[in-house]
Structure formats: C-alpha cells, structure tokens
> 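Here you go, one structure.
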There are 2 protein chains.
Amino acid sequence: MSNGETGEQREGSIAHRVPDLGALELLLAVARLGSLGAAARELGITQPAASSRIRSMERQLGVALVDRSPRGSRLTDSGALVTDWARRVVEAAAAFDAGAQALRHRRDSRLRVAASMTIAEYLLPGWLLALRSQRPDTAVSLLAGNSTTVAEQLLSDEADLGFVEGLSVPPGLDSTVIAHDHLIVVTAPTHPWARRRRPVPAEELASTPLILREKGSGTRQVLDAALGGLARPLIELSSTTAVKASAVSGAGPAVLSELAVGEELSMRRLVRIPVEGVSLARDLRAVWPTGHRPTGPARELLSLTRG
Amino acid sequence: MSNGETGEQREGSIAHRVPDLGALELLLAVARLGSLGAAARELGITQPAASSRIRSMERQLGVALVDRSPRGSRLTDSGALVTDWARRVVEAAAAFDAGAQALRHRRDSRLRVAASMTIAEYLLPGWLLALRSQRPDTAVSLLAGNSTTVAEQLLSDEADLGFVEGLSVPPGLDSTVIAHDHLIVVTAPTHPWARRRRPVPAEELASTPLILREKGSGTRQVLDAALGGLARPLIELSSTTAVKASAVSGAGPAVLSELAVGEELSMRRLVRIPVEGVSLARDLRAVWPTGHRPTGPARELLSLTRG
DNA sequence: TGGGGACATAAACTGGATTTATGAGCAACG
DNA sequence: CGTTGCTCATAAATCCAGTTTATGTCCCCA
C-alpha cells in the first residue's frame, strides 16, 4: 500500500481538496473578464482579496491557473481546463440554488408549481434557472409529490401549474406533452446481461428479479403496466438513488428513468440493456385545471419546457 | 419591479446562497447514514459541529431538511429533494477534484495520460473518478493538448496512454475506438432554424455563416472535411465555451460536439438542428505507441472507457 | 516623464465554524 | 425500574481563513 509520496492528504471529504464555490466563481469571472481586479469588482470584493483567493486556490491545487501580467490576467492551459471543470460545479450549484429558492417560498409566490418527483429532481431546476434568467422577478414556489398530490394541489388552487410523469392524466386536468421519457434497464458492467448481444425479451424481463422502486411509484406503475403487472422485485427501494446505488454495486438489473442515469451511463458505471417486446416509454406532461389555460408566469415557464 | 417580499438578498454570487461543499457533503452523509453523529464521525468532525452545520444550512435555505429524533435523523420530503440536488453538486466537485489531482503532474505518477481537449474536458474526469474507486493508489497525471501533442508525448515516452478525437490516428501509434462522438448543429430556440420542420441540407449548411472553433481545432477539422473545406465562419472562437455562449445568445448556428451541449439541450437553451447529407460523426480513440500495448494502470483505465 | 491600470504585499480586523464540556430525551435490557 | 447507550441540543472559548485598508511595483501609453 504505497503511501502518499508528496505529502498527499489521505483525507476523506473532497470539500478540503476542492476550492469553495466562491473561489470557483471568481475563477470563472477572471476567465471571462481577463482581469483579477475586474472580476473582484464584479463579485463585490476588493482586488487584494481576489488576488489572494486565486493564489490560495493555485496553492491548493498545485497548478498555476492564471498568467498575471501588469496588463491583465490570462488563464494558463491548465487553468482553462480547470475553469471548464469548475464551470460544471458552479452550474450544478446554480441549479441547486434555483431549486432551493423555489422550495422555500410558500404563499406569496407569483408562480406556484407542483411536480412529481422525477421531474422535480432532474428537470425543474434547469427550467427555473432559465426562467430566472428571463424573468428575474418571478418568485416561484415548488411542491413535489406524486401525480395524485399534484392534481390535488391544482384543483384546490394551491398550485398554478403542474408536471406529472404517469401514464394517464388525472381527471379534471388539461395537459400537454412536454417531453418523452423512457424507462431503461441497466446493470453494472460486470453483470452477465451486459455481455449479451441480443435484446432481452419481455418474458425474460418479467421473469427476472429486478431492482425496483416501491409499488405505487410512477416508475413502477409504468413498468407493471408494460409487463402486465408481472414485474418480479429482487429488492424494492424507495428512492431512485438507492436503486442506482444497488445496481452499480452489481446486485442485479434495475429499471429506471433514463433521466436518472445519464451520468452513470456515460462514465460506464452502468450499462444500458436493450429490451424487446415492451414499450417503456412514458410522456412527461404539464397539467392545469381544465379550462384554466396557463397565463403569465405559468405560460412563461411552460414555453421553456417545450421546443 | 416588485421588490423582494421576504427580505430577499438581491446579491450576485450564488456562493452566498448555496451551502458550501462541506455542508452538502455532510447532508449526503446524514441521508445515507440516518444520523447526524454518524455522519459527523465519517467526516471527521464532532457531532455538535455537524448539528450546527445542518442547522445553519436549514436557516440559510429556509427549509427544514432533517427530522431529528432521539433515535436518529431522517430527511424531510424537502430534504430528500435538496439532497438529490446537492448530490449533483458534490459529484461535479468530485470530478473536479479527480481532474485537478491529475493536472499537477508529478514525475512519479504511475500512469501518465495525454488527452485532447474535448476528452479531457468532458470525459476524463469521470474516468479518473472511476479509476480511483477501483485503484485508489494509482497516481495519474494528465497532459491536455491536441492530437499532435498527444502523439509527441506518447512517442517521447512522456505519456503512457493517449486519447484523441481527430479523424485519423497519428503515425506511429496504435489505437482502439472507445466511443463515438457527433458534431451537431445547434441554435438558440429563437433562431429561425429552430422552427424548421425539415433537416438542413449540406449545401445550405456550407453556405451559412456559422459560429465555429478556430481553424486547426479538432472540431473544425471534422467539419471542414465533411463539408469539403467550405465552412463559412460567422465568428471564430477559441474555446467551446465561447462558442456555446455565442450560440445561446442567438448570434447564429454553431457546430459543436454533442458532448459539450448535453446540459444546454436538456434545458432548452440550445436546440439541435437536424442536418442531412453530411456525416459529422467522429471516433474517439485511445492511442499508444505501436507495439506497446497498454498494461497495468493504463490497461485498467482503458477498460473503463469501453463497454 | 507622468498618469493610469493591474497585480503584490503587509498588517489589522472580523466573523463564522470548530471543539470542549455539558444536558436532556428516548429505548432496550437486565 | 434503574442503568447503559444511543441520539441530538446548547453554551462558551478558541481558532483560522478571508477580507479590508494602505501601500508598493511594474508596465504601457500619451
């Protein structure tokens, strides 16, 4: 077990190895503006503060990030790469912020949204971010639940616009399809199915124990319907995350929304298994009380979700 | 311009509105372990510190995240959602960390990788993360450049394994295809092309001024080859990010790797424009000096990049 | 050759997070 | 029915990291 050669910190927690969000944001500003001072001004700090922050980031990473000259600062090659990676962190943080803001407000919001879990988790933060950039003054509140609670919120006028992912539209609501989602079968790369050359037929899928969400979840409903109520659970878990983790660890094949596993597929922690003879497609819909066509901020948000 | 109703901070910088990475990491640990104290232990801090950190995060976000009981802590519904969003931030930070670690090249690294920009930017951090989870003791160093510099590194034995995205394999190297990439045409949703129903024919693409990377970049080479050297630049920019930003702002159609625009497409900041009559596909390849088949850590990494 | 922009350095300040040291609620077990 | 052991909360002292203020240096340009 070769120990750290250059005084490596063998700590857990990445938080000590990654600059904080403020520093990453500053780096992005420097990249964009080409000057430490200008970046500092934009973020409302003084120039020495920016200088020292960048410097300590360079010390922490062990890489020179910016070439300082008396005439401005440019990123080094490594700095450009680091900045690109940093941008992804900051974007994720911005999505977090947009979601969290919406979760806070309750009564006095101008736009009250109710969404089912998968949409709230994967899609909504992005939409809220886009909405904020177009209409910065729109205060949004978010309530997450399942299709039933979304319908209740809308019908009791506690929400202005809803998003659901089920098979059918709850009664009393009008809807429009905003996107298509597919449930997909995934396994760890080590699973035997990952080496198959031919798709898994429906009957085999139905007879194989699968890692599944609990009965009653939208995902499970679609799968049961597609297989004719036959899905055999190997384990039932109550969150998408738990299902993913279980599949990654090689426990067996899992069925999940493709929205949930983009990252895992692209870094090969999971492998998509083709299936034939079943349609696991489902529509993602925006919904509103029959007749009350969305207007104002609701219409605005709706238009962001479609091409 | 209705001002903030609930004492809203109209500040810039999201860093002040988003809990720091340590707090997000702590939240994930609490979610996983079901106890503040256990999470604190895992992260090497004391229980009161964890308690106060979570509490101040709840105060900052204005949302209750965990239900504390004398018998442990469970996430609230909102807390579960926040945790899912937090996970994405932490994962981006982990990728950042993996990349940054590799950038501070040290002579004594066990695996020296040279990669072209697109791969280094979008794919490599994920691979390094996966590699670290399998072989925690493998010290990796990364050198980013273009196809030519990658070849030079390999041939002068300054790198053990390379990744290139060009059309051809540099002489003196063996290679294997590890993935396929497509250049795609994108515009802002407001662009006239976004409303077309039929694909854009090759001739029209060739005769339309486009937002492009500079001549010499891998992306540009592929496009020029596909169009027969005819691509007409509207602007030439030196980074993928600049091209994206320009396209998002509506300046015109841009041509980019699909790897670069996943996020933008899914939140509709950009729209993919179908094209016909040109093949903009390109292979992503792992390369190594002819004969020197990758072994050890290099083989390990290579196997992570393929199905 | 002086002005202005951009970055560096030094010292004092400030605030938030951490630790240490407790207290209190609940459950299981003998 | 108390004891033990887990949980989380609170209070006070400590400590460190980032910031500001106040300069200094370098370079370009007029």
Side-chain angles (χ1 to χ4, degrees), chain A residues 9 11-76 79 83 86 90, chain B residues 9 11-62 64-76 79 83 86:
Chain A
Q9 73 281 58
E11 288 273 346
S13 100
I14 62 169
H16 293 136
R17 285 177 293 178
V18 178
D20 63 68
L21 287 169
L24 298 183
E25 227 179 334
L26 174 61
L27 180 63
L28 295 187
V30 172
R32 183 158 34 81
L33 300 171
S35 151
L36 288 186
R41 245 169 284 134
E42 179 173 274
L43 297 185
I45 60 177
T46 59
Q47 172 266 319
S51 176
S52 115
R53 226 155 144 68
I54 294 284
R55 188 169 294 283
S56 66
M57 181 158 47
E58 289 178 315
R59 198 157 16 86
Q60 181 179 22
L61 300 178
V63 176
L65 299 175
V66 306
D67 266 338
R68 306 116 197 274
S69 86
R71 206 162 75 271
S73 295
R74 280 230 80 55
L75 294 179
T76 62
T83 301
V90 172
Chain B
Q9 72 282 56
E11 287 273 347
S13 98
I14 63 169
H16 295 136
R17 287 178 292 179
V18 177
D20 62 70
L21 286 169
L24 298 182
E25 223 178 338
L26 174 62
L27 180 63
L28 295 187
V30 172
R32 182 157 36 82
L33 300 171
S35 153
L36 288 185
R41 244 169 287 132
E42 180 173 272
L43 299 185
I45 60 176
T46 61
Q47 172 268 320
S51 178
S52 115
R53 224 153 145 69
I54 294 283
R55 187 170 295 285
S56 65
M57 179 157 49
E58 289 176 314
R59 196 156 16 84
Q60 179 180 22
L61 300 179
L65 298 175
V66 306
D67 267 338
R68 306 117 198 276
S69 87
R71 210 165 70 271
S73 296
R74 280 231 85 49
L75 293 178
T76 63
T83 302

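Naming: A, B, ... by sequence-line order, numbering from 1 per chain.
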> Does A:Asp67 have any side chain to side chain donor-acceptor pair (under 3.5 Å) partners at least two apart in sequence or in another chain, and if so, which?
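Side chain to side chain donor-acceptor pair (under 3.5 Å) check on A:Asp67 returns nothing, list empty.
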> Earliest and latest nucleotide of DNA chain C, 5' to 3', sitting under 4.0 Å from a non-hydrogen atom of chain B?
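Span of nucleotides near chain B: C:dA17 to C:dA27.
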> For D:dT7 and B:Arg68 - does any side-chain N or O of the residue sit under 4.0 Å from the phosphate oxygens OP1/OP2?
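No, no such contact exists.
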> Using a cut-off of 4.0 Å between protein heavy atoms and nucleotide atoms, how would you tag nucleotides 25-30 of chain D 5' to 3' with B, S and -?
-BSS--
> Kindly list each side-chain donor-acceptor pair under 3.5 angstrom involving residues 32-51 of chain B, sequence neighbours excluded, with atom names and distances?
unit_1  : atom_1 : unit_2  : atom_2 : d
B:Arg32 : NH1    : B:Glu42 : OE1    : 3.4
B:Arg32 : NH2    : B:Glu42 : OE2    : 2.9
B:Ser35 : OG     : B:Gly37 : N      : 3.2
B:Ser35 : OG     : B:Ala38 : N      : 3.0

> Starting at CD of A:Gln47 and ending at P of D:dT21, how long is that distance when rounded to a whole Å?
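Rounded to whole Å, this separation is 13 Å.
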> Before accepting this row, confirm whether a basic side-chain N of the pair A:Glu58/A:Arg68 lies closer than 4.0 Å to the acidic partner's carboxylate O.
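Yes, charged N to carboxylate O under 4.0 Å.
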> Heavy atoms under 4.0 Å, any strand shown: does A:Arg74 hit a base, just sugar-phosphate, or nothing?
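Nothing, no heavy atom under 4.0 Å.
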> Check whether any side-chain nitrogen or oxygen of B:Ser35 sits under 4.0 Å from OP1 or OP2 of D:dC8, and answer yes or no.
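Yes.
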> Identify the pairs formed between an N or O of the protein and an N or O of nucleotides 11-19 of chain D at a distance under 3.5 Å, and give each distance.
none

> Output yes when a side-chain donor or acceptor of A:Ser73 lies under 3.5 Å from a complementary backbone atom of A:Val66, and no otherwise.
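No, A:Ser73 side chain to A:Val66 backbone: no donor-acceptor pair under 3.5 Å.
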> Roughly, in whole Å, what's the span from CG in B:Leu33 to P in D:dC8?
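Nearest whole value for this atom pair: 11 Å.
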> Over how many whole Å does the gap from B:Leu36 atom CG to D:dC8 atom C1' extend?
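Result: 7 Å.
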